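In listed order, ligands and their atoms are each counted from 1. These numbers come from a predicted model, not from an experiment.
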Amino acid sequence: MITTRFAPSPTGRLHVGNIRTALHNWMLARKAGGCFLLRIDDTDAERSREEYVEAIRADLAWLGMEPDGVERQSERLALYEAAFDALKDAGRVYPCYETAQELDLKRKIALGRGLPPIYDRAALALSDAERAAKEADGVAPHWRFKLDHGEEIRWDDGVRGPQKFDPATLSDPVIRRADGSWLYMLPSAVDDIEMGITNVLRGEDHVSNTAVQIQMFTALYAAQHKGAAKVPDFAHEALLVGKEGKLSKRLGSLGCDAFREQGIEPEALVALLARLGTSQPVEPIADRAVLLDTFDLSTFGRAPAKFDDAELARINTAIVHQLPFERVQGLLPEGFTPEAWHAIRPNLEKASEVVEWWQVVTGPITPPDFADEDRAFLTEAARLLSWSETPWQDLTSALKAATGRKGKALFLPLRQALTGMDHGPDMKELLPLIGEEEAKARLESAAVA
Ligand code: GLU
């Protein structure tokens with residue numbers, strides 16, 4: 001049984017990069033008939049906002065990626081406390097007293113000497129008396145997780161292949177602030193264990209976090225679960241970048257709202273993001289079963305995935321052309337029929353444009369001024385219009401026979417008189433929607449105008 005999780009911090013709206021991560025986790029779970037969890041990483045009480053939690057849930061619902069369960073880290077603090085205590089007893093966390101300025105200086109000095117800016121573990125060397133003196137001075141410690149330098153870190157990444165880290169090249173991460181609040185690293189590892197997460201799929205900006213968290217899993221299992229660690233399968237996808245080659249500010253702030261306002265359908269976003277950056281072609285596939293069937297981490301590339309608005313717009317248009325009536329019914333004007341949707345759908349770039357075409361069907365419309373010759377032709381058209389199952393075919397063949405006109409000279413004035421437009425949905429389908437009486441009236445009024 002596969003269980004995945006999407007773990008956003010509710011400090012802002014989801015952007016297109018987060019949406020992609022959420023989608024891939026959703027797909028990984030759904031394809032295997034597994035479980036997709038939403039974990040709200042809200043340990044940072046100051047920056048987390050309830051409105052963002054709601055927005056994240058609404059966005060996932062809009063995208064059709066409802067989670068099978070929702071957990072909030074702010075409600076799980078006791079678990080982190082217990083894990084922390086167990087790690088402390090096992091000697092895997094230690095208190096540190098450096099100020100941010102001191103740490104910054106240490107980093108600068110290391111860099112100045114051409115050394116990697118790794119924490120020097122000075123706090124580990126403090127004697128009990130030195131620690132007591134700091135605390136007597138009122139300095140509260142922050143806490144670091146002690147990496148085991150004797151244990152090389154390896155995993156087989158679902159996207160990047162075999163990975164290897166020497167823990168001595170990593171800083172012992174700070175896991176808890178002096179005020180007792182949690183940083184991301186430990187709560188996430190605790191939750192992944194407690195929630196039975198089998199697959200962690202996230203952006204490659206988390207690769208070095210994974211190295212650390214793998215040691216945390218081992219330490220937590222040893223300290224709390226008294227057994228060999230069950231480490232999830234990790235996969236890190238290449239980041240999403242804009243056409244210009246980086247995650248621009250604009251792209252980083254493009255959320256579901258912005259897409260919705262631009263008339264982008266969730267199916268389009270899903271079709272694009274499902275395959276962007278993979279070796280599979282991005283196609284306007286509205287059927288999720290097809291996307292799920294072909295979803296395969298081994299097709300994910302190492303190069304950054306390029307997000308292009310123009311590509312999304314193209315996919316969106318192709319998706320709109322496939323949307324069934326039932327899917328858009330709620331968005332359509334009163335009286336709209338499935339026939340009207342099928343007639344108009346191929347002319348839309350965005351579903352919202354349907355309103356303009358409905359106006360063409362229901363009227364009033366403004367025809368252009370016709371030359372005398374065309375007016376005579378339209379008078380003839382009004383006279384010959386007769387109603388049947390196929391009024392357009394009947395009208396045009398009768399007019400062709402009566403006037404000798406053909407091609408554009410035959411069709412364009414009719415279209416203009418009947419719709420006020422030079423182009424648009426197939427007249428075969430449109431004319432029945434306009435109806436006999438209205439069509440006759442339009443032809444007559446264009447003829448005298
Ligand atoms: N809250 C973390 C983030 O948004 C979660 C990372 C993870 O998937 O573990 O980056």
Side-chain angles (χ1 to χ4, degrees), residues 2-29 34-50 52-53 55-57 59-60 65 67-77 79-80 83 145 153 155 157-160 163 170 173-177 181-217 220 230-240 247 251-256 273 297 300:
I2 282 202
T3 303
T4 65
R5 86 296 195 279
F6 171 53
S9 308
T11 54
R13 296 293 304 253
L14 297 183
H15 62 63
V16 59
N18 310 133
I19 296 170
R20 174 167 167 260
T21 305
L23 173 65
H24 292 158
N25 276 287
W26 180 85
M27 294 180 90
L28 195 59
C35 190
F36 167 67
L37 301 179
L38 171 62
R39 187 186 84 200
I40 302 290
D41 283 5
D42 57 352
T43 55
D44 186 342
E46 218 145 86
R47 292 176 57 229
S48 298
R49 297 258 181 288
E50 210 45 43
Y52 292 132
V53 176
I56 289 166
R57 299 194 62 164
D59 286 347
L60 291 181
M65 301 174 348
D68 301 306
V70 184
E71 298 282 356
R72 300 180 65 136
Q73 289 196 320
S74 58
E75 290 165 4
R76 302 169 59 82
L77 300 178
L79 285 170
Y80 313 145
F145 174 73
I153 303 161
W155 77 93
D157 194 284
V159 174
R160 300 162 64 87
Q163 304 287 300
L170 302 167
V174 177
I175 55 168
R176 196 168 196 183
R177 299 187 189 89
S181 64
W182 299 101
L183 282 112
Y184 153 76
M185 210 65 100
L186 180 66
S188 181
V190 169
D191 285 341
D192 285 341
I193 294 174
E194 297 286 335
M195 295 175 191
I197 303 300
T198 57
N199 293 69
V200 173
L201 170 57
R202 53 191 179 187
E204 67 182 8
D205 50 332
H206 282 286
V207 167
S208 60
N209 289 344
T210 295
V212 167
Q213 285 173 330
I214 283 176
Q215 283 216 350
M216 278 183 182
F217 282 107
L220 286 166
K230 273 196 253 125
V231 177
D233 286 341
F234 284 95
H236 297 84
E237 50 187 17
L239 297 182
L240 193 67
L247 186 78
L251 198 53
S253 63
L254 259 189
C256 287
L273 294 177
L297 278 185
F300 279 55

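In this structure R160 satisfies the salt bridge (Lys or Arg N to Asp or Glu O under 4.0 Å) test together with E204, sequence neighbours excluded. R47 pairs by the salt bridge (Lys or Arg N to Asp or Glu O under 4.0 Å) definition with D44, not counting sequence neighbours. Shown here are the salt bridge (Lys or Arg N to Asp or Glu O under 4.0 Å) partners of R176, two or more places apart in sequence or in another chain: E81.
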Evaluation steps, salt bridge (charged side-chain N to carboxylate O under 4.0 Å, His left out), between R5 and D41: CA-CA 11 Å; R5 86 296 195 279; D41 283 5; over 6 Å; no

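Considering CG of L201 and CG of D233, their distance stands at 11.0 Å, rounded to 0.5 Å.
Between L186 and Y80, the closest heavy-atom pair is CD2-O, 4.4 Å.
Every protein residue with a heavy atom nearer than 4.0 Å to ligand 1 is included here: R5, A7, S9, D41, Y184, S188, R202, H206.
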